[in-house]
Asker: 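Would you mind keeping the following structure in view while I ask a few things?
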Amino acid sequence: MFETVTQHGEKLKDHDERIEALEKVDTKHEERITKLEEQSIVLENTIHMTSAETRNVMREQTEKQTEKLYGLLETAMGIQNTRSTQSHEFKMLKWNTVSTIFMKISTALLGLLSSGGLIYYYVTEFLFK
């Protein structure tokens with residue numbers, strides 16, 4: 001029986017050593033897991049910061065491109081408006097010129113016809129008498 005107790009004592013001692021070894025390994029695993037969690041948090045924060053920076057850069061570029069597009073659009077609309085104004089002014093000038101020429105010609109014809117009537121009267125009075 002002493003041998004059985006001794007064997008059980010050795011087995012208990014062996015189990016105690018194995019439990020201590022397992023606890024050390026478990027502690028090392030917990031430390032590794034803790035380090036991995038910390039690194040994961042650092043990586044996650046880095047990704048969030050990079051994502052935010054990327055979004056800001058994209059937003060700024062989009063705003064700049066939108067401003068350039070609006071500038072081009074305003075310029076194009078200004079050119080179109082100027083072209084429309086110039087076209088209207090050209091039409092007004094053309095009609096003004098046509099009316100001025102018509103008035104001058106009609107005045108001249110009226111003057112010729114009325115003075116021609118006088119000349120005809122003088123010719124018929126003095127030549128055919």
Side-chain angles (χ1 to χ4, degrees):
M1 185 150 155
F2 182 71
E3 288 180 11
T4 309
V5 173
T6 308
Q7 286 177 352
H8 283 297
E10 288 176 9
K11 284 183 181 180
L12 283 175
K13 187 177 178 183
D14 183 47
H15 284 296
D16 285 340
E17 290 174 359
R18 290 170 75 192
I19 289 173
E20 287 178 17
L22 287 174
E23 286 176 351
K24 287 180 184 178
V25 169
D26 190 40
T27 305
K28 289 181 183 178
H29 284 285
E30 285 181 16
E31 289 175 359
R32 287 179 64 194
I33 289 172
T34 305
K35 286 181 184 178
L36 285 173
E37 287 174 348
E38 290 173 359
Q39 290 174 353
S40 173
I41 291 171
V42 169
L43 181 61
E44 188 176 323
N45 289 339
T46 303
I47 289 172
H48 285 302
M49 289 174 53
T50 305
S51 176
E53 290 173 0
T54 303
R55 277 184 278 155
N56 287 338
V57 167
M58 291 298 292
R59 185 179 304 120
E60 289 173 3
Q61 287 179 350
T62 303
E63 288 173 0
K64 286 179 184 177
Q65 289 175 351
T66 303
E67 288 175 10
K68 286 180 183 180
L69 182 62
Y70 281 135
L72 287 173
L73 184 61
E74 287 176 359
T75 303
M77 293 300 291
I79 290 172
Q80 183 66 26
N81 190 20
T82 302
R83 185 178 296 154
S84 175
T85 303
Q86 288 175 346
S87 174
H88 177 71
E89 288 177 359
F90 179 71
K91 286 179 184 177
M92 293 299 292
L93 179 64
K94 182 175 120 179
W95 283 109
N96 190 16
T97 304
V98 167
S99 66
T100 302
I101 291 172
F102 176 75
M103 291 299 288
K104 286 184 180 180
I105 290 174
S106 63
T107 304
L109 282 176
L110 182 64
L112 285 175
L113 289 176
S114 56
S115 66
L118 288 175
I119 292 173
Y120 177 74
Y121 175 75
Y122 287 132
V123 168
T124 55
E125 283 296 318
F126 293 116
L127 290 178
F128 293 119
K129 272 192 172 182

Asker: Enter the distance from K11:NZ to R18:CZ here, rounded to the nearest 0.5 Å.
Answerer: 11.0 Å
Asker: If I take atom NZ from residue K28 and atom CD from residue E30, how far apart are they, to the nearest 0.5 angstrom?
Answerer: 13.5 Å
Asker: Rounded to the nearest 0.5 Å, what's the gap from CD1 on I41 to CG on L36? Could you check?
Answerer: 11.0 Å
Asker: Check for a donor-acceptor pair, side chain of T54 on one end and backbone N or O of T50 on the other, with a separation under 3.5 Å.
Answerer: yes
Asker: Where do R55 and H48 come nearest, in terms of heavy atoms and distance?
Answerer: NH2-O, 4.5 Å
Asker: Determine the minimum heavy-atom distance between N56 and R59, stating which atoms define it.
Answerer: OD1-NH1, 2.9 Å
Asker: Rounded to the nearest 0.5 Å, what separation is found between the CG atom of L22 and the OG1 atom of T27?
Answerer: 10.5 Å
Asker: Rounded to the nearest 0.5 Å, how far apart are CD of E31 and CG of D26?
Answerer: 10.5 Å
Asker: Per the side chain to side chain contact (heavy atoms under 4.5 Å, CB included) rule, which among E17, E10, H15 passes with K13?
Answerer: E17
Asker: Could you give me the CA-CA distance, side-chain angles and deciding distance for V25 and H29, then say whether side-chain contact (heavy atoms from CB on, under 4.5 Å) is met?
Answerer: CA-CA 6 Å; V25 169; H29 284 285; 3.2 Å; yes
Asker: At what distance, to the nearest 0.5 angstrom, does CD of E89 lie from CE of M92?
Answerer: 9.5 Å
Asker: Is the side chain of S87 donor-acceptor paired with the backbone N or O of R83 at a distance under 3.5 Å, no angle test?
Answerer: no
